[in-house]
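What follows is a short report on a single structure.
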Amino acid sequence: MPRNRLMDALAGLAAAAVALGVAELLAALAGAASLVVSVSNVVVDRTPGPVVKWGIDLLGTNDKPFLLTTVTAVSLLLGFVLGPAAGRRPVVGQVAFAVFGLAGVLAGASDPLTGYGAAFWIAVPAALVGWLTLRALLDLATPEASASSAVMPGRGVAGRRKFLALAGTATGGAVVAAVGGQMFGSRVDVEAERASVALPEIGGSAPPQNVGLMVEGLPPYITPNEDFYRIDTAFVVPRVDASGWRLKVHGMVDTPYTLTFADLAEMATLEECVTLSCVSNEVGGDLVGTAIWIGVPLATILDRAGVQPGATQIVGRSVDGFTVGFPTAVAVDGRASMVAIGMNGTPLPAEHGFPARLVIPGLYGYVSATKWLSEIELTRLEDFDAYWIPRGWSKEAPIKTQSRIDVPRGNNVNAGRIPIAGVAWGGIRDISKVEVRVTPIEDDREANPEWLPARLSDALSDSSWRQWVVEWDARPGTYNVEVRATDGEGVTQTSEEARPDPDGATGWHMRRVTVREAGA
Ligand SMILES: Nc1nc2c(c(=O)[nH]1)N[C@H]1C(S)=C(S)[C@@H](COP(=O)(O)O)O[C@H]1N2
Ligand SMILES: [Mo]
């Protein structure tokens, strides 16, 4: 009798689910990264940069769930497709799960949250249990060979029932294991960890009150933590328990050492307002925010280690393997470079790097702002390229001067006196001037010489943005509204349009605004 291909396919599907479920559970028990996550990381690492960029552009912040779902679906599909082949030739099942195990070990080993040892004890047992499940199910799906075996259990209609029962139980068990793993994996309760650590009081600095302009629709001067943009490569936010966490300072230093969170809290003397911005921010984009950071001056940390001559680069490594690299000079040139432990008066939120991160004023995040910091390593610029450098982004990346129009929020306003307002930032160079140009769309913008000077808010530091506002007498019509900023050194941002890659977008932000007759 020929085998039932559908039953064999279902056997393969259930076995694949079991292998994935067991892997999730074991990974969680080992405190390691999920295997699906590790495989997704490998996929991203092996995918050419432009393809990854295209995927991110297409999917936005859904890129990660999409990839995780795809990896899971492809694994299950492979089980479904290979099931019938394994039914005919058992060696197919053996090879398939051997490959599963091997790929799992390699993917896990390449994940800094897992490592070889844990990867082995996750992937190999998962593959073994998957394979045993496959064998048992294929066995139950084997049709009666002849009348003589009619009395054997597990064949015929009764066999089919048994098959479905086992396949169902196995798949259900796999789901329970995976979900259980997820729940157990979150056992480091970051909110409890955050509540358990204390931030130092930095001498006499009360949180600023009423800083910034009060314009309706303009984001507050200090970005609330929950509104702060988030950019990172982490599929799941690393959950670090503060008491076990260590910061290692090593490389080209006289005395390598490690710090605990308590050490950092004791050494924290710096409180500074810094605007952080992502190199991927488009002109007018919102991947920028301003917070008051509390931390330890990077210079203090380096002093204690004794930086050796020739150590031109500081590398910041994360618990999740992400790296940044920037010139050693920016740690000691007077800007507020720090290992931050506090953000707007609270311990760092998990998404923003709890328990500690780097904050380097004036540099884009991808070269400087390591979250979930685990190591500071001194090296030479030519000896190491951090995460994004081989992926096509510039090695050195100072923040470019930018300005953005936030108000009016929509594209339609009523005639009358209305504010045009926004923010402008210039790395560590402060902002000295912001100007707005309003041109009817039928006119040539470039022929319009009239730039309206904006009123600026104060800035809490040279590396913080300023808010700006212009009162505009809006008459009916449709206009192009442009903004440009001049930094504290007197340099006006260029109108030349450039894409974010490789070192930050340029160009003037422009919005189109239609003014209607009031009451119309
Ligand atoms: N561990 C880790 N740190 C990281 C990143 C990352 O992918 N992993 N991304 C960097 C980038 S590109 C930016 S712009 C900033 C963003 O910090 P935020 O998410 O707190 O706004 O974090 C930086 N630090
Ligand atoms: Mo970024």
Side-chain angles (χ1 to χ4, degrees), residues 33 37 40-41 44-45 49 52-53 56-57 60-61 63-64 111-113 190 219 222-240 245 247 274-282 285-295 314-326 337-344 346-377 386-400 402 425 427 465 499-505:
V37 168
S40 301
N41 275 324
V44 173
D45 278 348
V52 173
K53 176 94 176 49
I56 293 172
D57 285 349
T61 44
D63 56 339
K64 286 162 193 153
D111 195 315
L113 290 176
V190 185
I222 300 292
T223 314
N225 289 355
E226 54 279 12
D227 296 339
F228 209 94
Y229 81 95
R230 176 191 164 201
I231 292 285
D232 53 64
T233 59
F235 281 97
V236 283
V237 176
R239 298 169 205 270
V240 180
W245 174 87
L247 174 60
V274 176
T275 294
L276 213 66
S277 128
C278 183
V279 70
S280 298
N281 197 34
E282 306 272 356
D286 57 7
L287 300 180
V288 56
T290 298
I292 296 174
W293 307 94
I294 287 180
I314 297 176
V315 171
R317 256 195 202 90
S318 163
V319 301
D320 70 354
F322 178 81
T323 52
V324 302
F326 53 89
S337 302
M338 69 171 105
V339 172
I341 56 174
M343 180 177 184
N344 292 332
T346 69
L348 296 179
E351 299 77 25
H352 297 292
F354 182 84
R357 72 175 302 167
L358 286 170
V359 170
I360 312 293
L363 300 187
Y364 285 119
Y366 82 101
V367 291
S368 71
T370 309
K371 303 192 276 189
W372 315 290
L373 184 68
S374 61
E375 285 178 38
I376 292 174
E377 182 182 352
Y387 186 87
W388 284 109
I389 312 313
R391 292 168 172 83
W393 298 80
S394 293
K395 174 107 181 179
E396 299 212 14
I399 293 176
K400 297 176 178 176
Q402 265 299 337
W425 61 96
W465 63 15
R499 310 179 340 154
D501 58 299
D503 64 355

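Residues take their numbers from the sequence shown, with the count starting at 1. Just follow the structure's listing: the first ligand is 1, and inside any ligand the first atom is 1.
- Here is the list of ligand 1 atoms found below 4.0 Å of a heavy atom in Y366: 11 (C), 12 (S).
- Residue S318 has at least one heavy-atom neighbour below 4.0 Å for each of these atoms of ligand 1: 1 (N).
- Counting atoms of ligand 1 from 1 in the listed order, those under 4.0 Å from a heavy atom of T233 are 6 (C), 7 (O).
- On a distance-only criterion, I231 and ligand 1 share at least one N/O pair closer than 3.5 Å.
- With a 4.0 Å cut-off on non-hydrogen atoms, W372 touches ligand 1 through its side chain and not its backbone.
- In this structure, C278 SG and Y366 OH are separated by 9.5 Å, a value rounded to the nearest 0.5 Å.
- If you check the side chains of T290 and W465, you find a donor sitting under 3.5 Å from an acceptor.
- Within ligand 1, the atoms closer than 4.0 Å to a non-hydrogen atom of F228 are 21 (O), numbered from 1 in the order shown.
- Only the side chain of D320 comes within 4.0 Å of ligand 1, counting heavy atoms alone; its backbone N, CA, C and O stay farther away.
- Using a cut-off of 4.0 Å between Lys/Arg side-chain N and Asp/Glu carboxylate O, K395 and D503 are scored as not salt-bridged.
- Rounding to the nearest 0.5 Å gives a distance of 10.5 Å between CG of L373 and CG of L348.
- Taking only nitrogen or oxygen atoms, main chain and side chain alike, L276 does not reach within less than 3.5 Å of ligand 1.
- Within the 4.5 Å cutoff, side-chain heavy atoms of D232 are placed close to those of K64.
- Residue contacts with ligand 1, taken as heavy atom pairs separated by less than 4.0 Å, involve C278 via backbone and side-chain atoms alike.
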